[in-house]
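Read through the structure below, which is laid out as structure tokens, and then see the notes.
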Amino acid sequence: MRQAVIGGALLVVGAVCVALGLLPLPDLAALAERVVPVLAFVLGLTIVSELAADAGVFDRLADLAARIGGGRTIGLWVAVVVLAVVCTVFLSIDTTAVLLTPIVITLARRVGLPPMPFALTTVWLANTASLLLPVSNLTNLLAVDGIGLDGPIPFAGLMVWAALAGVVVPCAVLLVVFRGKLFGRYTPVDVRRPRDPLFFWAAAAVLVALVVALTAGVEVWVAALVAAALLVVVAAFRAPSELRPSRVPWSTLVFAAGLFVVVETLHTTGITDPIVRALSGGTDTGSLLLLGGAGGIAANLIDNLPGYLVLEPAAGHEALRYAALLVGVNAGCLITPWASLATLLWHARLASEGVHLSWGRYMALGCVVAPLTVVAGVLALAT
């Protein structure tokens, strides 16, 4: 609700800027052409993920992870890491932070393990593992055109080593922090049967088809909306009670739209020019570290999405500089609660599941893992 209010206020400010001529109509039209497909992708993917969770797809994956773990806590944790990474890479950051978190918490409790190591794993990897594909994070989708790479495979080729660092470094820190809780044994659980097998298999098929389409280079917003439409039709017959207006991510869409308009106005009026000039540079290691570090700082000050938008012109149409900025805003947003919307949503799910983690401890851990991950990711780009 608060996000929707802020987004509405941003839209009002944006409308005033347009009315006063601070954001010319041609610039507004160019902005709409760029961001409407991104918002359409968010809409479609959110609906698909929510309905797939209702169908029990993520529950089944969690149960399979418990079986794969083979009764060893470290094995289960590794399986959850793989699940979180795959979910983030192909279904985006919010799916992991919001939908997967309560599922792994329930899984940990079912096998008699403390949920915190698994819950912190999902939120850290939701952010830091979101570097590999354009669909993994909204910032990536915004950067695709500027980077100039045609399709998800070339994008992955640019980001692969930074993405690997974004998984390895947080996992290493988690192993150190929770070394006393991740080595032991548990009793494997039975794989639960779906309540409605037809709904389950239809949702699983749609998810697989969507992943194939997204990695094959189909327009991401088209693939997401078609998948959402298919799953809505199935749900209308098999689970009509799940088709609620709340499934539409209204607050996220309004917030993002308002944010785009306001930041574009800042660029048009030249307010952000001093920051861009201060960060201008080449593709040497020092320049990339400076831009990546600035991205991490901006994310923790004002959230990763506006942080990216403000600093985007500093990338200067250089693919490596775009990549370094993405490392900063995606992997560096682990300190302040508001650095990533996914983190705020994750903490709300944590509280609803009765798991308590103070923001103070979260920020203290973030001060360790965020700089390490950003530096490792940028150095991986520079090699």
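Note that these values count all heavy atoms, side chains included, but never hydrogens, waters or copies made by symmetry.
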Checking the side chain of N300 only, and the main-chain atoms of A339 only, is there a donor and an acceptor separated by less than 3.5 Å? no
| In the single-linkage hydrophobic clustering (I, L, V, M, F, W, Y; side-chain heavy atoms under 4.5 Å), do V168 and V160 co-cluster? | yes
query: Do the non-hydrogen side-chain atoms of L113 and K181 ever get within less than 4.5 Å of each other?
result: no
Starting from V104, can I reach I74 by hopping between I/L/V/M/F/W/Y residues whose side chains sit under 4.5 Å apart?
yes
Scanning both residues in full, the closest heavy-atom pair of L320 with L288 reads O-CD2, 3.7 Å
TODO: Evaluate whether atom CZ of R244 has more than 12 neighbouring non-hydrogen atoms of other residues, nucleotides or ligands under 6.0 angstrom away.
DONE: yes
Backbone N or O of C333 within a donor-acceptor pair of the N304 side chain at under 3.5 Å?
no
Notebook entry, point to check: Just wondering, do L22 and T268 contact through their side chains at under 4.5 Å, heavy atoms?
Noted result: no
- Expected output: side-chain Y186 to main-chain A66 donor-acceptor under 3.5 Å: yes
*Given the rule that I, L, V, M, F, W and Y join up when any side-chain heavy atoms are under 4.5 Å apart, are L266 and L142 in one cluster?*
no
(Q) Could you check whether any side-chain N or O of S136 sits under 3.5 Å from a backbone N or O of V89, counting only pairs where one atom can act as donor and the other as acceptor? (A) yes
side-chain hydrogen bond (donor to acceptor under 3.5 Å, both in side chains) pairs touching residues 90-103, sequence neighbours excluded, are S49-T95, T88-T96, T101-T122
> Heavy-atom distance under 4.5 Å between the side chains of P114 and F178, does that happen here?
Replying inline: no
What I'd like to find out is whether the side chain of L214 reaches to under 4.5 Å of the side chain of L133, using heavy atoms alone. no
Check whether any side-chain heavy atom of N137 lies under 4.5 Å from a side-chain heavy atom of L131, and answer yes or no. no
(message) For W201, is the CH2 atom crowded, meaning more than 12 foreign heavy atoms sit under 6.0 Å from it?
(response) no
Closest non-hydrogen contact found for P117 with W77 is O-NE1, 4.2 Å
Heavy-atom nearest pair, G56 first then F200, reads O-CE1, 3.7 Å
Going by chain and number, the hydrophobic cluster around V233 (ILVMFWY, side chain to side chain under 4.5 Å) further includes F237
Heavy-atom nearest pair, V81 first then C171, reads CG1-SG, 3.8 Å
Any non-hydrogen side-chain atom of L138 less than 4.5 Å from a side-chain atom of Y308?
no
In short, L325 meets G295 closest at the heavy-atom pair CD1-CA, 3.9 Å
Looking only at heavy atoms, the pair that brings P134 and F155 closest together is CD-CD2, 3.5 Å
The complete set of side-chain hydrogen bond (donor to acceptor under 3.5 Å, both in side chains) pairs with one or both residues in residues 270-295, sequence neighbours excluded, reads H267-T272, D284-S287
request  = Count the heavy atoms of every other residue, nucleotide or ligand shown that sit under 6.0 Å from CZ of R195, and state whether that count exceeds 12.
outcome  = no
Sequence neighbours excluded, the answer for side-chain hydrogen bond (donor to acceptor under 3.5 Å, both in side chains) partners of R72 is none
Got a donor-acceptor contact below 3.5 angstrom from the D63 side chain to the R192 backbone?
yes
Item to check | Side-chain (W124) to main-chain (A331) donor-acceptor, under 3.5 angstrom | outcome: no
*Any donor-acceptor pair under 3.5 Å linking the side chain of R321 with the backbone of A314?*
yes
> Is N140 reaching over with its side chain to a backbone N or O of L326, donor-acceptor style, under 3.5 angstrom?
Replying inline: no
Taking side chain as C-beta onward, heavy atoms only, is T128 less than 4.5 Å from V167? no
Check your understanding: Relative to the ring of W346, is the ring of Y362 parallel (under 30°), tilted (30 to 60°) or perpendicular (over 60°)?
Key -> tilted
Checklist entry - So do the side chains of L365 and L120 get within less than 4.5 Å of each other, counting heavy atoms only? => result yes
Item to complete: Could you state whether L198 and L243 fall into the same hydrophobic cluster, counting links through intermediate Ile, Leu, Val, Met, Phe, Trp or Tyr residues with side-chain heavy atoms under 4.5 angstrom apart?
Response: no
Here the side-chain hydrogen bond (donor to acceptor under 3.5 Å, both in side chains) pairs for residues 156-176, sequence neighbours left out, are none
Legend entry - Check: N330/T139 side-chain N/O donor and acceptor closer than 3.5 Å: yes
Residues 131-147 vs salt bridge (Lys or Arg N to Asp or Glu O under 4.0 Å), sequence neighbours excluded, gives none
Hey, any chance L175 and V369 share a hydrophobic cluster, counting ILVMFWY side chains that come within less than 4.5 Å of each other, even indirectly? yes
